[in-house]
Engineer: 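After the structure tokens below, expect a handful of questions from me.
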Amino acid sequence: MVECIFCRIVRREAPARIIYQDEDVTAFHDARPQAPVHVLIVPNRHIVGVAQVEMEDAPLLGKLFVVARRLAEELQVTNGYRLVVNSGPLSGQSVFHLHVHLLGGRPLHWPPG
Ligand code: AMP
């Protein structure tokens, strides 16, 4: 079994503030939030990152967006939020289990840096 911190969170073996979970997707608050709302939405299945996705993953990847949209509503950040997916070490990806950051609750600047 892959020893990955997000896999362990999905299996509820590692602590996290999970706010959504179904058979495909888990969402939890980021441990080091960069905004008042900072949630990570992850596939339950271990996918390393965007560089590893295949066409057969498309429904699962779409579901990450739908969950993000619902959580943005629930967390009341629909006046402006950002979905971020870092891919590869130069992007700042530090956990190699695909995840969508949902950031909101403050002005978000561009370019992101
Ligand atoms: P990235 O840099 O895009 O790979 O994002 C990884 C994110 O995971 C960072 O924002 C970390 O703060 C967050 N993170 C790492 N470990 C945990 C954890 N155990 N629980 C919650 N968030 C975590």
Side-chain angles (χ1 to χ4, degrees):
M1 190 170 288
V2 183
E3 259 324 292
C4 156
I5 182 61
F6 287 0
C7 286
R8 296 184 65 228
I9 288 171
V10 166
R11 297 197 303 264
R12 295 181 182 250
E13 294 169 5
R17 291 166 57 213
I18 293 177
I19 53 168
Y20 178 83
Q21 189 165 46
D22 65 25
E23 66 278 16
D24 299 313
V25 173
T26 299
F28 50 93
H29 292 279
D30 196 292
R32 294 182 60 211
Q34 303 301 314
V37 168
H38 188 173
V39 168
L40 302 174
I41 302 132
V42 313
N44 293 347
R45 177 162 60 82
H46 187 81
I47 300 174
V48 172
V50 173
Q52 284 73 29
V53 298
E54 301 292 347
M55 196 56 86
E56 69 217 36
D57 300 319
L60 176 59
L61 300 176
K63 195 165 177 180
L64 298 178
F65 272 71
V66 176
V67 170
R69 189 269 295 166
R70 287 185 184 166
L71 289 174
E73 291 170 5
E74 200 175 305
L75 298 168
Q76 302 183 327
V77 292
T78 51
N79 60 343
Y81 59 90
R82 187 170 292 165
L83 303 182
V84 174
V85 183
N86 292 321
S87 178
L90 263 190
S91 74
Q93 185 178 5
S94 60
V95 176
F96 292 87
H97 179 132
L98 181 70
H99 50 281
V100 177
H101 296 256
L102 165 61
L103 295 150
R106 66 166 171 82
L108 298 165
H109 303 290
W110 195 264

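The model shown is predicted, which means the values in this text are computed figures rather than measured ones.
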Engineer: Looking only at heavy atoms, which two atoms of Leu60 and Pro43 are closest? And how far apart?
Structural biologist: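 Smallest heavy-atom distance, with atoms named: CD2-CB, 3.7 Å.
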Engineer: Are Val84 and Ile41 in one and the same hydrophobic cluster, where Ile, Leu, Val, Met, Phe, Trp and Tyr link if side-chain heavy atoms are under 4.5 Å apart?
Structural biologist: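 No: no chain of side-chain contacts under 4.5 Å links Val84 to Ile41.
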Engineer: Distance check, rounded to the nearest 0.5 Å: Leu64 atom CG versus Leu83 atom CG?
Structural biologist: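 Those atoms lie 10.0 Å apart.
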Engineer: With side chain to side chain donor-acceptor pair (under 3.5 Å) as the test, pick out the partner of Glu73 among Gln76, Arg69, Arg70.
Structural biologist: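 Answer after filtering Gln76, Arg69, Arg70: Arg69.
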Engineer: Of all the heavy-atom pairs spanning Arg82 and Pro112, show the shortest one and how long it is.
Structural biologist: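 Smallest heavy-atom distance, with atoms named: NH1-CB, 4.0 Å.
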Engineer: Does a side-chain heavy-atom distance below 4.5 Å link Phe28 with Val42?
Structural biologist: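 With C-beta onward as the side chain, the pair touches.
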Engineer: Specify the closest pair of heavy atoms between Ile9 and Ala16, including all atoms of both residues, with the distance to one decimal.
Structural biologist: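 Heavy-atom minimum between the residues: CG2-CB, 3.5 Å.
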Engineer: Between atom NZ of Lys63 and atom CG of Asp22, what is the distance when rounded to the nearest 0.5 Å?
Structural biologist: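 Reported value, rounded in 0.5 Å steps: 3.5 Å.
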Engineer: Please say which of Val85, Val25, Leu40 ends up in a side-chain contact (heavy atoms from CB on, under 4.5 Å) with Val100.
Structural biologist: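 It is Val85, the one option of Val85, Val25, Leu40 that forms the side-chain contact (heavy atoms from CB on, under 4.5 Å) with Val100.
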Engineer: Looking at every non-hydrogen atom in both residues, tell me the closest pair between Ser87 and Ala51 and how far apart they are.
Structural biologist: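 Here Ser87 and Ala51 meet closest at OG-N, 4.1 Å.
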Engineer: Just by modelled atom types, is the Ala58 backbone N or O under 3.5 Å from a matching donor or acceptor in the Glu56 side chain?
Structural biologist: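 No; judged by distance alone, with no hydrogens or angles, the pair does not exist.
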Engineer: I need the His38 NE2 to Arg106 CZ distance, nearest 0.5 Å.
Structural biologist: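 It is 9.5 Å, given to the nearest 0.5 Å.
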Engineer: From Cys4 SG over to Arg11 CZ, what is the distance, rounded to the nearest 0.5 angstrom?
Structural biologist: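 Interatomic distance, Cys4 SG to Arg11 CZ, rounded to 0.5 Å: 8.5 Å.
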Engineer: Nearest 0.5 Å please: distance from the NE2 atom of His97 over to the CD1 atom of Ile47.
Structural biologist: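 The distance works out to 7.0 Å.
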Engineer: Can you tell me how far CD of Gln52 sits from CG of Leu98, rounded to the nearest 0.5 angstrom?
Structural biologist: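 These two atoms lie 9.0 Å from each other.
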Engineer: Should Leu103 and Phe65 be counted in the same cluster of Ile, Leu, Val, Met, Phe, Trp and Tyr side chains packed under 4.5 Å apart?
Structural biologist: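 In one cluster with Leu103: Phe65, no.
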Engineer: In the structure I gave you, are the side-chain heavy atoms of Gln34 and His101 within less than 4.5 Å of one another anywhere?
Structural biologist: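 Of all side-chain heavy-atom pairs linking His101 with Gln34, none is under 4.5 Å.
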Engineer: Taking all atoms of both residues into account, what is the closest heavy-atom pair of Val77 and Gly104, and its distance?
Structural biologist: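 Closest heavy-atom pair between Val77 and Gly104: CG1-C, 4.0 Å.
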Engineer: Do Ile18 and Val37 land in one hydrophobic cluster if side-chain heavy atoms of ILVMFWY residues count as linked below 4.5 Å?
Structural biologist: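 Not linked; separate clusters.
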Engineer: Say whether Phe6 and Phe96 are linked into one hydrophobic cluster, either directly or through other cluster members, by side-chain heavy-atom distances under 4.5 angstrom.
Structural biologist: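 Result: no, two separate clusters.
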Engineer: Please give me the minimum heavy-atom distance between Ile5 and Ala14, naming the atom from each residue.
Structural biologist: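 Result for this residue pair: CD1-CB, 3.8 Å.
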Engineer: More than 12 heavy atoms of other residues, nucleotides or ligands under 6.0 Å from CZ of Arg17: is that the case?
Structural biologist: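 It does not: Arg17 CZ has 12 such atoms or fewer within range.
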